[in-house]
Visitor: 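Below you'll find the structure I mean.
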There are 4 protein chains.
Amino acid sequence: MFVLIKRLFSFAVFIRVMEYNDKQVQIMEAAEKLFAEQGFAGTSVRDIAEAAHVNLAMISYYFGSKEKLMEAMFHHRGVDFKLQLENILQNKNLSPIQKVERLIDDYIERIFKKQSFHKIMAREQMVSSSSPITEQIYEMKQRNFSLIKELIQQGQKAGQFKKNIDISLLMMTLTGTSSQLVTAQHYYRKINHLEDMPVEELEKLMKKKLSIYLKNLFKAVLTYEG
Amino acid sequence: MFVLIKRLFSFAVFIRVMEYNDKQVQIMEAAEKLFAEQGFAGTSVRDIAEAAHVNLAMISYYFGSKEKLMEAMFHHRGVDFKLQLENILQNKNLSPIQKVERLIDDYIERIFKKQSFHKIMAREQMVSSSSPITEQIYEMKQRNFSLIKELIQQGQKAGQFKKNIDISLLMMTLTGTSSQLVTAQHYYRKINHLEDMPVEELEKLMKKKLSIYLKNLFKAVLTYEG
Amino acid sequence: MFVLIKRLFSFAVFIRVMEYNDKQVQIMEAAEKLFAEQGFAGTSVRDIAEAAHVNLAMISYYFGSKEKLMEAMFHHRGVDFKLQLENILQNKNLSPIQKVERLIDDYIERIFKKQSFHKIMAREQMVSSSSPITEQIYEMKQRNFSLIKELIQQGQKAGQFKKNIDISLLMMTLTGTSSQLVTAQHYYRKINHLEDMPVEELEKLMKKKLSIYLKNLFKAVLTYEG
Amino acid sequence: MFVLIKRLFSFAVFIRVMEYNDKQVQIMEAAEKLFAEQGFAGTSVRDIAEAAHVNLAMISYYFGSKEKLMEAMFHHRGVDFKLQLENILQNKNLSPIQKVERLIDDYIERIFKKQSFHKIMAREQMVSSSSPITEQIYEMKQRNFSLIKELIQQGQKAGQFKKNIDISLLMMTLTGTSSQLVTAQHYYRKINHLEDMPVEELEKLMKKKLSIYLKNLFKAVLTYEG
DNA sequence: AATGAATGAGTCTTCATTCAT
DNA sequence: GATGAATGAAGACTCATTCAT
């Protein structure tokens, strides 16, 4: 049964990946980069067409509109942006604190791998009006919240985490601190005098530091008794 | 003595008021709101003119361009968006931890009071290209970083805070968590089932919760020995 | 009786000169320079106000409109732009060829002294639509034509100039050659490798060369029998 | 042999036609007319679009900007506006004076055929600031100057033209007189009482008169010994 | 299936002019 | 008499999208 689900799930992923042909993916990736850097409104379809090396008309042709291209991108990327913790949660060989550490590394891995998409999300979550995209962001947040809640409650039940933890704020510390680091990494560079470090190396460094920092923070917050 | 203070204060206000006349402030405030909601590129000068109930041409007339309006806004708001901790830092009657608590409340107060401006800043800090605005954001960040660093080092020297604290990441936790709460407050609402709470009440609640949460977090992080 | 007329005429001149106060003249002179360099449409009233160091609204205030300012300028300058040959024509001590030489020097003097105004006229004479300004240009041209015609006919009657001379084209040679030199003097500079010569010196040189050249040309054309 | 020439010619036409498509030429021709009549700044792209019966956006679409349209026009027209005298210069069957006559007729032909373009050039040569267009005008002038200089020097060597001729001013007489006639032809009309003559006839007349006049003038100037 | 050409609606900005003071 | 503030109209240009092929 479990296997079946897994397979179905993989299939779904397969389906979705197949759903978009090469050209479409090519466009979405170019758009993603530009939306991240300049915002949605600040990016013209002309920019995207040029960056993707495709004909201008192709974007409307394939996606219908700029708006729908954005939605497609969320559909495409959103899937694997959600935390995948189900099996971790059920794993009886891991202590609650170990699970938290997995969660942190999992999250850091995702956010750094999809930096552009993350920036777009960070921008989009600010708009107050509701749309298919804000809807999807909400679902993602809610899902992540449930998982983290479950995880922490496990630790509390095990007596390893203290009571009265503000889980929604703790989640925001995880996402907010990471987001801050990713979206404002050129400031991080300057403040820490790392102007000359190559991008990859900097990224590695940031991930490392962030992982250590957040693990320690969570441990402290989850166990420290004022 | 009291009169003197009052006068000085009035004078400061006077200065600021003189720097930008009523109409200019009116425009900046309308723009601030719109930029926060829809982004800079997503907001037309027509939108701003309508929201500010002024003639379309007045925006160019007063600020020269949409871009310069944004810069003026940063000039106008930026001043009082920096943390004002100098006197707190030198205050010998406060323990390091009390100073941290002041810092946190000061920060929360500011970010909630200027939510719109904060959102704009959060957006602008994502753009990679350098501009007068990104420059100003950097200066603000650096200043805030210096203050927090000084504050924490005081605590470390006093033996009350542990060594090896990643101060730049700790700052990002402060700003990132708060930012997350402010920019994504409608998600906070939904996740915590507070859909029907009036805005003011919600805000009060969030500030309260955030204050308690962050104070506890800082205490934990600054003193907890893994 | 003749004296009276002269006086009336002088009075008219007096009147006209007085007609415009200092500020108005200041504005007209600034406008003249700019219109010459950038054309009428290419010059904004803002440009003029700045160049004349007067308030923007003053231009409309004093002249009614940009158009009317131009007309006033033509009124103001036009007077002394016409050739003043009446007394020369009647002077019995001068030979026809001497009169022609006077005409040439008179014309050169005028066009170089009022270069800016000349450029404006050169531009305005191209527009096909009729206006008070084109009307005034026509009157000036016609007057000049009459004078030159009279002058040449005197020489023909005296048997010193040959018959069948195309007077209207000869006039165009006078005006056209001079105009070409004045309007395209930076090309003259380059072609003759005079880039480093100071403006005043160049002007002197051009006037001298042009005078010699045109006098010789007129002599040749008026007397040469193919 | 004839066929070859025809083919080459067709090819040249082909090239030129291909360089700018029909719509572009249509726009350029409408613009040319308007720029000639009202000046560059005095003509709006809206005017041009209407005159060319094309959509307003097509001007930016095809040329990028109004400025670039002007440049394209210069590129397009400029080519065949230069004098084509090389073969005439080397022709040993023509006497120097015959070559001068050819030059004059060639010039008159060109300037009357491209009156509008000529007017634009006459306007543009007045602006003092340097631009791609003034640059092109200078090149054209310089080239024409070289050709005329060569031509006259041939005559001088042959002992048929007198020495010390101011060639740059002589060129200005050619261009200036012609220009005057073309740009101010409605004044020519009025002065010579030709108001009722049909345009084509007037043009023919003016070309004829100008040709005779200039040939005689050149002969006189080039051979007359004061 | 894919695209070059085209466009109506919109962008920001500048214009000459007016008006209350 | 003079002007700072204000504005409707127009400026050039860019936008996302459509459509014939």
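Computed over heavy atoms, backbone and side chain alike; hydrogens, waters and symmetry mates excluded. In what follows, chains are A, B, ... by sequence order, proteins preceding strands, each numbered from 1.
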Visitor: Distance check needed: dA16(F) C1' versus L56(A) CG, whole Å only.
Guide: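 Rounded to the whole Å, the gap is 8 Å.
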
Visitor: Would you kindly give the CG-to-P distance between N21(B) and dA5(F), to the nearest whole Å?
Guide: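 After rounding, the reported distance stands at 7 Å.
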
Visitor: Give one of base, sugar-phosphate or nothing for I59(B), where a contact means two heavy atoms less than 4.0 Å apart.
Guide: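 Since no nucleic acid heavy atom lies under 4.0 Å of I59(B), the category is nothing.
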
Visitor: For the residue pair F74(A) and F117(A), is the inter-centroid distance of their aromatic rings smaller than 6.0 Å?
Guide: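 When the ring centroids of F74(A) and F117(A) are compared, they turn out to be within the sub-6.0 Å range.
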
Visitor: Base, sugar-phosphate, or nothing for S44(B), non-hydrogen atoms under 4.0 angstrom?
Guide: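 Since only primed, P, OP1 and OP2 atoms lie under 4.0 Å of S44(B), the category is sugar-phosphate.
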
Visitor: Please pick, from dT11(E), dT7(E), dA12(F), the nucleotide with the shortest atom-to-atom distance to any side-chain atom of A57(D).
Guide: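 Closest nucleotide to the A57(D) side chain: dT7(E).
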
Visitor: On DNA chain F, compare the nucleotides closest to K23(C) and V45(D); which residue's is nearer the 5' end?
Guide: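 Between the two, 5'-proximity favours K23(C).
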
Visitor: Look at the side-chain N and O atoms of Y61(A) and state whether any lies under 4.0 Å from the OP1 or OP2 oxygen of dA1(E).
Guide: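 Answer is yes, contact under 4.0 Å.
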
Visitor: So what's dC19(F) paired with, Watson-Crick or G-U wobble, going by both distances under 3.5 Å?
Guide: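 dC19(F) is paired, partner dG4(E).
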
Visitor: dA2(E) phosphate, OP1 or OP2: any side-chain N/O from Y62(A) under 4.0 angstrom?
Guide: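 Answer yes for this pair, as a side-chain N or O of Y62(A) is under 4.0 Å from OP1 or OP2.
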
Visitor: Starting from P on dA2(E), measure out to NE2 on H53(A) and report it in whole angstrom.
Guide: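 Roughly 18 Å, once rounded to whole Å.
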
Visitor: Check whether any side-chain nitrogen or oxygen of S65(C) sits under 4.0 Å from OP1 or OP2 of dA16(E), and answer yes or no.
Guide: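 No.
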
Visitor: Less than 4.5 Å apart, side chain to side chain, heavy atoms only: is that true for Q38(A) and D47(A)?
Guide: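 A side-chain contact exists here, since the closest heavy-atom pair is under 4.5 Å.
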
Visitor: Take the protein atom CG of L34(D) and the nucleotide atom P of dG11(F), then report the distance between them rounded to whole Å.
Guide: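 My rounded result for the distance is 13 Å.
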
Visitor: Name the one of R77(A), K114(A), K119(A) that satisfies salt bridge (Lys or Arg N to Asp or Glu O under 4.0 Å) with E32(A)?
Guide: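 Only match with E32(A) under salt bridge (Lys or Arg N to Asp or Glu O under 4.0 Å): R77(A).
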
Visitor: Go nucleotide by nucleotide along DNA chain F from the 5' end; which of N55(C) and F40(D) gets its closest nucleotide reached first?
Guide: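 The residue whose closest nucleotide sits nearer the 5' end is N55(C).
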
Visitor: Could you check how far CZ of F63(A) sits from P of dA16(F), rounded to whole Å?
Guide: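 Spelled out: CZ on F63(A) to P on dA16(F) is 15 Å.
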
Visitor: With distance as the sole criterion, is a donor-acceptor pair present between the side chains of H76(C) and Q24(C) under 3.5 Å?
Guide: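 No.
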
Visitor: Looking only at the side chain of K66(B) (C-beta and beyond, no hydrogens), which of the listed nucleotides dC12(E), dT3(E), dT3(F) gets closest?
Guide: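 Of the options given, the side chain of K66(B) lies nearest dC12(E).
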
Visitor: Rounding to a whole Å, what distance do you find between I27(C):CD1 and dG1(F):P?
Guide: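 I27(C) atom CD1 is separated from dG1(F) atom P by 14 Å.
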
Visitor: To the nearest angstrom, how far is I48(D) atom CD1 from dA10(F) atom C1'?
Guide: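 Result: 15 Å.
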
Visitor: I'd like to know if E37(D) pairs up with K33(D) as an ion pair, taking the criterion as any Lys NZ or Arg NE/NH1/NH2 lying under 4.0 Å from an Asp or Glu carboxylate oxygen.
Guide: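 Yes.
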
Visitor: Nearest-nucleotide wise, let me know which of V54(A) and D47(B) is further upstream toward the 5' end of DNA chain E.
Guide: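 Closest to the 5' end, via its nearest nucleotide, is V54(A).
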
Visitor: Just how far, in rounded Å, is P of dT14(F) from CZ of R46(A)?
Guide: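 Between P of dT14(F) and CZ of R46(A): 9 Å.
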
